[in-house]
Every structure is written in structure tokens, then in C-alpha cells.
A.B. asks: 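Next up is a structure, given as C-alpha cells.
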Amino acid sequence: MKKTLLLLNSFFLGMLPSFAQQEGQIRVKSGFTADVVAEGVPVEEHLVLGIDNGSVGLFSKKLDFVNNGLPSEMPMKAFESGNLYNIDYTTNNALRLAGPQDPAGSNFPTNGELMLSTPVKTDKLWLLCICGNGPTDLYVEVFYKGGDYTYANITIEDWWNESKDPEEHKGKDEAFWGFDRIDRETENPQGVSAVRLLEKSIATDPNKEIQSVYIEKTNVSNGYPTILGLSTGSQPIEIAEGFNADVVAEARPISEHSSAPLDRNAWVLYSQSLGEIEMTTEYGLPEDGNIVTKSNRTYKVDYSALNATRLIADDMETPDVDESTTTLELEDKPTVSDYGSLVYLATAGNGPAVIDVTYNYTDGSNSTSFIEIPDWCNNQSLAAVQTGRYYGGVDDRDYVGLYEIEDYPQSNKQIESITLNNYTGNNDKGIIMGIYLTDGTIATAIKDINADKETKDGKTFNVRGQIVNDSYKGIVIKNGKKQITK
């Protein structure tokens with residue numbers, strides 16, 4: 001009898017390393033196609049296929065920012081024209097003109113005059129300018145000593161151009177591009193590289209000395225035109241008086257080092273002398289990647305790697321690529337008990353998603369069910385709340401979040417893989433970030449040690465899953481990790 005018990009104990013002890021009655025997160029070996037959580041900014045360098053349109057995704061509370069401020073050293077040399085400009089960050093450094101619905105409109109006029117410190121002669125006068133909240137039209141008079149003047153009408157376009165291709169900035173009167181902006185009230189940078197400074201030229205009499213420049217807003221647009229400097233091209237022109245606002249913060253607190261926003265949303269420029277850029281927000285996913293839901297389940301998400309599968313029913317952006325289906329190969333082989341289930345940490349962008357779920361069992365059989373995932377801007381029984389989202393900046397909406405969606409495979413069958421298919425047909429995006437076993441058995445067989453070998457094969461893929469060579473530029477996935485090649 002003792003011998004029999006000994007043999008049974010040996011049998012069960014031998015099984016324990018591979019099988020354990022438990023609940024917990026199921027590890028996915030392969031099948032994740034997207035990274036939907038930004039751990040750094042610019043987000044387009046940290047997101048691979050966002051949740052919604054464009055670079056729209058979740059974000060970690062700890063965001064690493066690149067200081068995309070204006071250069072600290074003067075003069076600034078325009079990228080295309082080579083013109084030179086000076087901006088004194090420590091004083092009023094701009095002539096800001098009011099918009100018709102400006103809440104602080106009484107503090108800013110619709111016109112102003114810039115008095116030169118020293119009269120200059122030039123055949124062309126350059127204005128360094130920027131305009132928030134859309135384009136606007138200006139009337140400009142250049143006054144010479146003796147009373148003569150030259151006039152012109154110019155249009156200042158909006159300050160936004162997010163292209164990273166220098167060729168798409170040329171020929172558009174852009175002196176500088178690729179800058180960020182910061183909120184005067186929250187002190188949070190937006191984390192973009194889309195702000196541009198424009199330069200406009202006016203033909204002037206090279207034989208006459210310019211002593212002042214009068215500028216007036218002539219239309220009723222909502223734009224906020226701001227003049228940051230003047231130049232002859234070869235040299236900056238110093239302004240003695242006429243600047244009425246400080247729109248570039250060189251230190252914190254931002255509100256004490258700037259006096260007026262560049263549009264109605266409180267945005268100002270900032271200098272690289274601001275130093276290290278940090279952002280504080282009560283929203284965002286946990287820094288350590290341990291997402292704890294309302295049900296007290298914990299999902300571990302690696303923000304630096306592919307951490308989700310994204311399923312698009314009808315992707316009009318890439319009609320030749322089928323992103324509606326994928327198969328998740330499981331590193332852990334779960335068996336659901338009679339009373340257990342699988343729970344998906346999920347969300348959806350661009351509307352709710354219905355996902356077909358096919359469970360492929362180790363005995364060669366399969367079963368199919370479906371799950372319904374609400375849109376992430378909903379507040380329908382959110383599992384993780386106040387996650388916020390990143391959409392051209394931190395979007396602190398408390399009803400953006402993740403859901404736990406429960407499903408029931410056949411009980412007492414070991415699951416090898418899970419095939420997911422989005423068939424909704426309205427271009428929605430279903431997102432699966434994690435799988436949790438509520439009750440059952442998880443098998444971690446010795447053969448699963450080969451999982452690392454499969455991911456670390458040295459091959460490089462683009463965000464569409466296509467193999468690329470070493471000359472490819474952009475976001476790539478190599479050995480299961482996200483990288484940026486430049």
C-alpha cells in the first residue's frame with residue numbers, strides 16, 4: 001500500500017511543474033500585431049497601429065518627452081531662406097493681435113506698430129510670424145524716415161504642419177518647423193513636432209531708412225496673428241518698442257514666463273532652455289504596466305513591445321492588407337473548468353466591434369463563439385477607468401478606457417490557439433490586449449521554452465508584418481521588440 005502511494009505521489013509531483021489549478025493571465029506567444037500604448041512622445045515613434053484613426057492610443061502615466069522647444073542660441077537661421085532672426089525669451093517678444101472672440105480680447109488690440117531700435121535699409125523686409133486658431137489676413141505699412149511708406153497685404157497661415165518630410169515644408173513660407181508647444185495652465189507640453197514659424201516678405205525701397213512697421217488685422221477670422229521678429233535677411237532687426245506679449249516660456253512656472261497664449265487654448269511656445277520636460281497627469285495607464293481592473297484582476301502589459309492585436313473589419317486605408325483576422329498562439333495552454341471562463345482585456349476604436357472567436361484545441365477540434373466590445377469612449381462597465389488617450393496631446397477624459405469581456409470555451413479541453421475575426425464591416429477596430437483564465441488549468445510544457453527562439457529569429461518586420469531589410473526606415477519589429485530605424 002505504501003509503495004502504491006509513493007508511486008502516485010511521484011506521478012503527481014512530476015506533473016506539478018507543467019500543470020497547476022489556478023487563475024491568471026494567459027501568455028501569448030505570437031499574434032499580437034499592434035502597440036497601442038505610448039510610453040514616450042512623439043507618440044508616432046512609440047505606437048504601432050493605434051486604437052483609433054491616426055496616432056491615437058493609450059498612454060503610460062510616465063511619458064518621456066523630447067524637448068522640442070525653440071533653440072536657446074540666437075540668432076535663429078531660417079531653414080530654407082537662411083534669414084536671421086532674434087527672439088528675446090526673457091521679455092515681451094511678440095506683437096499679438098486680438099481675435100474677435102478672444103476672451104482676453106480687451107487686453108490685445110487689432111493693430112500695433114513696431115518701432116526699430118536703429119533705422120535700416122533693405123530691399124526686402126521679412127516678418128517672422130505665427131498664427132493660432134486658423135489663418136488670418138494682415139495689412140502692413142512700412143514707414144521710412146521723412147514720412148514715406150510702403151504697404152502690402154499678407155496672409156499668415158495656421159501654425160500647424162505635422163509632416164516630418166522637409167520637402168513638404170519647402171515653398172510654404174516656413175522659416176522653422178518641427179516644434180512643440182506647452183499649456184500655460186497645466187504646464188504640460190503637447191508632445192508634438194507640428195508647430196511652424198512662418199516668414200513673410202515685403203518689397204521695400206533700399207534707398208530709404210525704415211523706422212517703423214504698422215500691422216493691422218483686417219479680417220474677422222478667429223485666427224490670432226503674432227509677429228515674433230523682423231529681419232533684413234542678412235541680419236536681425238532689433239525692436240525698441242511695440243511688442244505687447246511674451247509667447248515663449250523659457251522657464252517654469254510657464255504662466256510666470258509667458259503672458260499670453262498663441263490661441264484661445266492657452267498654448268505657448270517654449271525654449272530648449274526650459275530644460276527637462278516632464279508631464280504630470282492623473283490619467284494614463286500604470287507606469288509599471290500592471291493594469292488592475294475593477295474585478296481585481298491584474299494584466300501585465302509590456303508598453304515597449306507589441307502588446308495588442310488590432311482587428312479591422314474593413315480597412316479602407318490599406319485595402320490590400322487583410323487586418324480583419326489573426327491567430328494568437330498561446331505560450332500557456334489553458335484548460336477551462338466546468339465553472340471557468342476566459343476574460344479578454346479589450347477595447348474598440350471607431351465604434352463598437354463584434355469579434356468571432358474560434359478556440360483551437362490540442363486534440364484537433366475547435367469551437368466558435370463571439371464577443372462584443374464597446375467603443376473606448378463610452379463608459380459602459382469600464383474595467384480600467386481614467387486611462388485617458390493621446391490624441392495630439394493628452395486627452396484627459398474619464399470615460400475613455402478598457403473593458404473585460406468574458407467568453408466560455410468548451411470546458412476540460414486544452415486550448416492551443418485562438419483565432420479572432422472582426423466581421424462587423426464598418427471599419428471599426430477591435431483591440432485585444434490580454435487574456436485571463438478565471439478557473440481551470442494552465443499548462444506550461446517544456447516545449448514552450450522554444451518560444452524565445454521563435455521570436456528571436458533576427459528577422460525584421462514593418463508595422464504591416466512584412467519582412468524588410470536593414471535599409472528600411474521607420475518603426476520596425478525585430479525579435480518581438482519595437483525599434484525605430486533612421
Side-chain angles (χ1 to χ4, degrees), residues 70-71 73-97 109-131 135-159 161 166-167 169-177 179 196-219 223-248 262 269:
L70 299 179
E73 300 298 324
M74 293 294 143
M76 296 171 60
K77 185 176 182 180
F79 295 160
E80 187 172 2
S81 67
N83 295 333
L84 300 177
Y85 298 93
N86 273 341
I87 301 178
D88 186 350
Y89 301 142
T90 63
T91 65
N92 279 351
N93 45 48
L95 170 61
R96 184 191 192 277
L97 303 179
T110 58
N111 61 73
E113 188 169 9
L114 301 177
M115 307 299 297
L116 276 59
S117 297
T118 303
V120 298
K121 292 181 179 181
T122 181
D123 62 349
K124 189 178 290 186
L125 179 69
W126 294 88
L127 284 73
L128 183 66
C129 45
I130 195 169
C131 191
T136 197
D137 298 327
L138 299 179
Y139 170 74
V140 182
E141 286 184 346
V142 179
F143 288 97
Y144 306 105
K145 290 181 67 174
D148 291 339
Y149 67 92
T150 297
Y151 71 91
N153 293 286
I154 63 175
T155 298
I156 306 179
E157 292 77 19
D158 187 80
W159 60 351
N161 186 346
E167 295 300 319
H169 291 271
K170 293 181 178 178
K172 296 182 178 180
D173 298 325
E174 297 184 33
F176 308 96
W177 60 81
F179 297 116
R196 57 181 178 165
L197 307 184
L198 301 166
E199 57 180 356
K200 301 290 180 176
S201 64
I202 298 173
T204 55
D205 190 333
N207 300 310
K208 297 180 179 179
E209 289 185 318
I210 301 172
Q211 63 178 13
S212 68
V213 181
Y214 172 82
I215 303 166
E216 180 179 349
K217 182 177 179 181
T218 58
N219 64 356
Y224 292 79
T226 302
I227 309 303
L228 292 165
L230 302 175
S231 176
T232 64
S234 60
Q235 65 178 9
I237 296 176
E238 299 302 321
I239 307 299
E241 58 181 279
F243 283 155
N244 62 4
D246 180 356
V247 297
V248 186
L262 284 162
L269 299 169

A.B. asks: Could you tell me whether Glu209 and Lys121 make a salt bridge, using a distance below 4.0 angstrom between a side-chain N and a carboxylate O?
C.D. replies: no

A.B. asks: Taking the side chain from Ser231 and the backbone from Leu84, do they hold a donor-acceptor pair closer than 3.5 Å?
C.D. replies: yes

A.B. asks: How many angstroms lie between atom CG of Asp158 and atom OH of Tyr224, to the nearest 0.5 angstrom?
C.D. replies: 12.5 Å

A.B. asks: Quick check for you: to the nearest 0.5 Å, what is the distance between Leu269 atom CG and Phe179 atom CZ?
C.D. replies: 8.5 Å

A.B. asks: Which value, rounded to the nearest 0.5 Å, describes the distance between Asp123 atom CG and Asn207 atom CG?
C.D. replies: 10.0 Å

A.B. asks: Between Lys217 and Asp137, does any NZ, NE, NH1 or NH2 come within less than 4.0 Å of an OD or OE carboxylate oxygen?
C.D. replies: no

A.B. asks: Quick check: are there more than 12 heavy atoms from other residues, nucleotides or ligands sitting under 6.0 Å from OH of Tyr149?
C.D. replies: no

A.B. asks: Is any side-chain heavy atom of Leu114 closer than 4.5 Å to one of Phe243?
C.D. replies: yes

A.B. asks: Which residue in the set Asn219, Thr218, Thr155 passes side chain to side chain donor-acceptor pair (under 3.5 Å) when paired with Thr136?
C.D. replies: Asn219

A.B. asks: Just do the side-chain contact (heavy atoms from CB on, under 4.5 Å) check on Asn111 and Ile215 with the steps written out, would you?
C.D. replies: CA-CA 6 Å; Asn111 61 73; Ile215 303 166; over 6 Å; no

A.B. asks: To the closest 0.5 Å, what do you measure between CZ (Arg96) and CD1 (Ile130)?
C.D. replies: 12.0 Å

A.B. asks: At their closest point, which heavy atom of Ser117 faces which heavy atom of Ala240, and how far apart are they?
C.D. replies: OG-N, 3.4 Å

A.B. asks: Under 4.5 Å between any side-chain heavy atoms of Glu113 and Phe143, yes or no?
C.D. replies: yes

A.B. asks: Can you name the closest pair of heavy atoms from Ala152 and Ile202 and give their distance?
C.D. replies: CB-CG2, 4.0 Å

A.B. asks: Nearest 0.5 Å, please: how far is CG in Asn83 from CG in Leu128?
C.D. replies: 9.5 Å

A.B. asks: Tell me, with the steps shown, if Leu197 and Leu70 meet side-chain contact (heavy atoms from CB on, under 4.5 Å).
C.D. replies: CA-CA 10 Å; Leu197 307 184; Leu70 299 179; 4.1 Å; yes

A.B. asks: Output yes when Glu174 and Arg196 qualify as a salt bridge under the 4.0 Å nitrogen-oxygen rule, no when they do not.
C.D. replies: yes

A.B. asks: So that I can tick it off, tell me whether Lys200 and Glu157 are bridged by a salt bridge, with the cut-off set at under 4.0 angstrom between side-chain N and carboxylate O.
C.D. replies: yes

A.B. asks: Can you check side-chain contact (heavy atoms from CB on, under 4.5 Å) on Leu138 and Ile227, steps first, answer last?
C.D. replies: CA-CA 11 Å; Leu138 299 179; Ile227 309 303; 4.2 Å; yes

A.B. asks: Specify the closest pair of heavy atoms between Met115 and Ser212, including all atoms of both residues, with the distance to one decimal.
C.D. replies: SD-CB, 3.5 Å

A.B. asks: Which atoms form the tightest heavy-atom contact between Leu228 and Ile87, and what is the distance?
C.D. replies: O-CG1, 4.2 Å

A.B. asks: Check the angle between the aromatic planes of Phe176 and Tyr85 and answer parallel, tilted or perpendicular using the 30° and 60° thresholds.
C.D. replies: perpendicular

A.B. asks: Which heavy atom in Gly112 sits nearest to a heavy atom in Leu97, and how many Å separate them?
C.D. replies: N-CD2, 4.1 Å

A.B. asks: Would a 4.5 Å heavy-atom cut-off, applied to side chains only, mark Ile156 and Asp173 as touching?
C.D. replies: no

A.B. asks: Does the side chain of Asn153 come within less than 4.5 Å of Val140's, by heavy atoms?
C.D. replies: no

A.B. asks: Distance-only, no hydrogens or angles: does the Thr122 side chain make a donor-acceptor pair with backbone N or O of Leu125 under 3.5 Å?
C.D. replies: no

A.B. asks: Quick one: are Leu116 and Leu230 in side-chain contact, heavy atoms under 4.5 Å?
C.D. replies: yes

A.B. asks: Using a 3.5 Å distance criterion without hydrogens, assess whether the side chain of Glu238 forms a donor-acceptor pair with backbone atoms of Thr118.
C.D. replies: no

A.B. asks: The test is side-chain hydrogen bond (donor to acceptor under 3.5 Å, both in side chains); show your working for Asp246 and Asn93 and say whether it passes.
C.D. replies: CA-CA 5 Å; Asp246 180 356; Asn93 45 48; 2.8 Å; yes

A.B. asks: As an exercise, state the distance from CG of Asn86 to CE of Met76, rounded to the nearest 0.5 Å.
C.D. replies: 10.0 Å

A.B. asks: Walk me through whether Ser81 and Glu199 qualify under side-chain hydrogen bond (donor to acceptor under 3.5 Å, both in side chains).
C.D. replies: CA-CA 9 Å; Ser81 67; Glu199 57 180 356; 2.6 Å; yes

A.B. asks: Taking all heavy atoms of Thr150 and all of Tyr144, pick out the closest pair and write down the distance.
C.D. replies: OG1-OH, 2.7 Å

A.B. asks: Which of parallel (below 30°), tilted (30 to 60°) and perpendicular (above 60°) describes Tyr139 and Tyr214?
C.D. replies: perpendicular

A.B. asks: Can you list the steps and then say if Glu141 with Val213 is a side-chain contact (heavy atoms from CB on, under 4.5 Å)?
C.D. replies: CA-CA 6 Å; Glu141 286 184 346; Val213 181; over 6 Å; no

